[in-house]
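Heads up, the thing below is written out as structure tokens.
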Amino acid sequence: MARTITISKSKALNFKRLAFLYLIFFIFFFQSSPGEFVVHFQPLSKTQRTLNTQLRERLDAVEPIEQQDFNLKTKSIETLNFLDSLEIHYLKFSEGKTERNSWLKEQKYTKHYITRDKIGNAINDKLMLLVTAFPESYKPKLIIDLGITNEERIGSVKFPNRFLKEAPNGTVGAIIAHLKLVVLTQTLQYFKKEMLNAKLVNVSTASDSALLQGYKSNYYVGEEVVFDFFSRDSIEPIISINNERIKPIVNGRHFLVYWNPNLPGDYELKAAVDEEGITHLLSVVKPALRFLETEQEIAAYLSEPLYLTFDLNGLEKIKDLRFVSKGAKVQRNGNVLTITPEFEGRFEIDMLSGEILLDKKSVYALKGNPPRVAPKDIAGRETQLKTAHCLESTNLNWQVLNFNMTLCYPNGRKVEMTSNTRFLRNELRTLERTAPAGSTLLFHHIRLINKNGVSTIMGTPIFINK
């Protein structure tokens with residue numbers, strides 16, 4: 001069994017006093033230390049300034065072609081000029097004090113100027129403006145390397161820089177040089193990757209995305225694509241798609257390739273100038289015919305127009321986009337299709353690029369409401385029965401085939417007649433003319449045929465009181 005030692009209250013108080021004295025000793029020891037741990041930052045900042053000068057000369061020599069590249073260079077130079085002014089401000093503050101090692105570890109500069117002055121907010125705002133000028137793929141690394149944070153507020157500074165927050169005086173110069181180094185290296189890396197190696201493929205297509213840095217990986221069959229190859233030395237690149245050589249169209253230092261894929265599948269794009277080149281994989285698929293209306297809203301009736309709005313998003317660049325059907329008449333006005341079924345039953349709407357079938361949509365056509373029938377004269381105008389020539393449908397897609405007529409006398413007697421044509425025969429006219437007042441003439445079982453010559457339907461009956 002372990003043994004324990006009992007300490008009296010008087011000795012315990014002595015131990016507490018001794019521990020407190022040790023604590024005071026350590027505090028004074030650290031406060032009086034010369035601060036050698038930050039001494040190496042002074043020569044490091046001088047080395048960084050030399051490297052930054054060389055990188056700045058390379059950035060000044062860059063000649064952007066596209067507007068977005070010009071904007072990025074402008075933002076980078078504005079940020080560098082701001083950091084230059086911040087560095088000058090710091091050097092003035094540190095004049096005559098760099099030889100004092102104890103001063104190097106103090107935080108007077110950041111406490112007096114970064115966390116209490118508008119300089120802290122200006123640093124964050126200027127660096128964030130630079131980040132927004134870069135493509136999305138660059139932003140996460142830039143935010144980390146530039147020390148941008150939104151963690152906490154210090155004094156009047158909303159988002160203090162992670163590197164400059166509570167930084168010792170001796171490290172501030174090296175931190176500013178680091179921020180300038182990040183701006184220069186990331187900007188030059190962008191121009192080397194995106195422009196200066198002269199192999200960027202700029203593509204003029206629908207839904208072009210800055211996230212994809214100027215080109216897409218997925219295209220539609222029939223889509224008109226323009227690859228824009230830029231060559232600083234005006235040397236024509238060797239370009240091929242699936243090892244098939246393509247001759248570009250020369251436009252200054254730009255070499256244009258017009259590509260219109262007509263088959264789905266995977267394609268390999270290659271381009272080379274001298275020893276430098278690119279290889280990019282492209283995927284081509286057939287687009288889907290999509291309507292903005294729901295399935296419940298798509299109700300087609302024989303010989304009646306149906307209006308459908310198709311989704312044109314991403315299909316703007318498809319060459320000779322058209323819509324046809326073997327069972328309906330299809331007319332296009334912008335992204336609205338007017339579909340008039342010509343036969344009862346199921347039919348398909350085909351979406352084509354020229355003669356290439358992209359997709360199809362199946363629709364079912366029903367017989368609609370009975371067409372309205374009226375007496376018409378020889379000129380085709382609606383008229384009274386005594387001047388009528390025949391019975392005709394008010395819908396031009398339907399024509400009367402035959403009908404029955406029933407004459408009801410006031411005493412209840414009925415006389416029925418059948419006409420095998422749409423014309424009003426002399427017997428029918430005589431019967432109607434000799435009928436007494438109060439009689440009712442009924443035209444019923446009016447059979448009509450569609451203009452397709454196949455479909456038939458019953459028309460609405462006609463009641464005429466004499």
Give a yes or no on whether a salt bridge exists between [X] and [Y], defined as a side-chain N under 4.0 angstrom from a carboxylate O.
X: Glu348; Y: Lys326; value: no
X: Lys139; Y: Glu136; value: yes
X: Asp69; Y: Lys73; value: no
X: Lys451; Y: Glu342; value: no
X: Glu268; Y: Lys270; value: yes

Distance-minimising heavy-atom pair for [X] and [Y]:
X: Thr340; Y: Pro305; value: OG1-CA, 3.8 Å
X: Pro341; Y: Ala328; value: CA-CB, 3.7 Å
X: Lys286; Y: Leu357; value: NZ-O, 3.2 Å
X: Arg290; Y: Asn313; value: NH2-O, 3.7 Å
X: Pro370; Y: Gly459; value: CB-C, 4.2 Å
X: Val221; Y: Pro264; value: CG2-N, 3.7 Å

For [X], I'd like to know if atom [atom1] has over 12 heavy atoms of other residues, nucleotides or ligands within 6.0 Å.
X: Phe70; atom1: CZ; answer: no
X: Phe291; atom1: CZ; answer: yes
X: Asn333; atom1: CG; answer: no

[X] side-chain N/O to [Y] backbone N/O, donor-acceptor pair under 3.5 Å:
X: Arg422; Y: Leu448; value: no
X: Arg332; Y: Gly334; value: yes
X: Ser455; Y: Phe343; value: no
X: Lys180; Y: Arg49; value: no
X: Asn242; Y: Glu244; value: no
X: Asp145; Y: Val182; value: no
X: Glu87; Y: Ser85; value: no
X: Arg322; Y: Gly354; value: yes
X: Lys367; Y: Thr456; value: yes
X: Asp359; Y: Leu289; value: yes

- Task: Run the numbers on Leu129 and Glu78 for side-chain contact (heavy atoms from CB on, under 4.5 Å), then give the verdict.
- Result: CA-CA 10 Å; Leu129 283 176; Glu78 290 176 355; over 6 Å; no
How many angstroms lie between atom [atom1] of [X] and atom [atom2] of [Y], to the nearest 0.5 angstrom?
X: His178; Y: Leu164; atom1: NE2; atom2: CG; answer: 10.0 Å
X: Asn251; Y: Leu256; atom1: CG; atom2: CG; answer: 5.5 Å
X: Phe403; Y: Leu391; atom1: CZ; atom2: CG; answer: 4.5 Å
X: Thr79; Y: Asn81; atom1: OG1; atom2: CG; answer: 8.5 Å
X: Lys376; Y: Ser393; atom1: NZ; atom2: OG; answer: 7.0 Å
X: Leu385; Y: Leu441; atom1: CG; atom2: CG; answer: 6.0 Å

Minimum side-chain heavy-atom gap [X]-[Y] below 4.5 Å:
X: Phe347; Y: Ile339; answer: yes
X: Asn52; Y: Leu184; answer: yes
X: Lys361; Y: Met351; answer: no
X: Val400; Y: Cys390; answer: no
X: Leu352; Y: Val324; answer: yes
X: Asn402; Y: Thr418; answer: no
X: Pro371; Y: Thr394; answer: no
X: Val415; Y: Tyr409; answer: yes

- Intermediate values then yes/no, side-chain contact (heavy atoms from CB on, under 4.5 Å), Thr406 and Thr440: CA-CA 8 Å; Thr406 300; Thr440 300; over 6 Å; no
- Message: Here's a test for you: under side-chain contact (heavy atoms from CB on, under 4.5 Å), which of Thr187, Thr185, Val183 qualifies with Leu59?
- Response: Thr187
- Item | Evaluation steps, side-chain contact (heavy atoms from CB on, under 4.5 Å), between Met417 and Arg425 | CA-CA 10 Å; Met417 295 187 61; Arg425 304 198 319 265; 3.4 Å; yes
- Query: What is the ring orientation for Phe310 with Phe323, classed by angle as parallel under 30°, tilted 30 to 60°, or perpendicular over 60°?
  - Reply: tilted
- Task: Measure the acute angle between the ring planes of Tyr219 and Trp259, then classify it against the limits of 30° and 60° as parallel, tilted or perpendicular.
- Result: perpendicular
- Message: Quick one, Glu304 with Asn397, criterion side-chain contact (heavy atoms from CB on, under 4.5 Å). Give me CA distance, side-chain angles, the key distance, then yes/no.
- Response: CA-CA 9 Å; Glu304 295 185 19; Asn397 295 309; over 6 Å; no
Determine whether the side chains of [X] and [Y] contain a donor N or O and an acceptor N or O closer than 3.5 Å.
X: Asp320; Y: Ser353; value: no
X: Asn452; Y: Asn450; value: yes
X: Thr309; Y: Glu293; value: yes

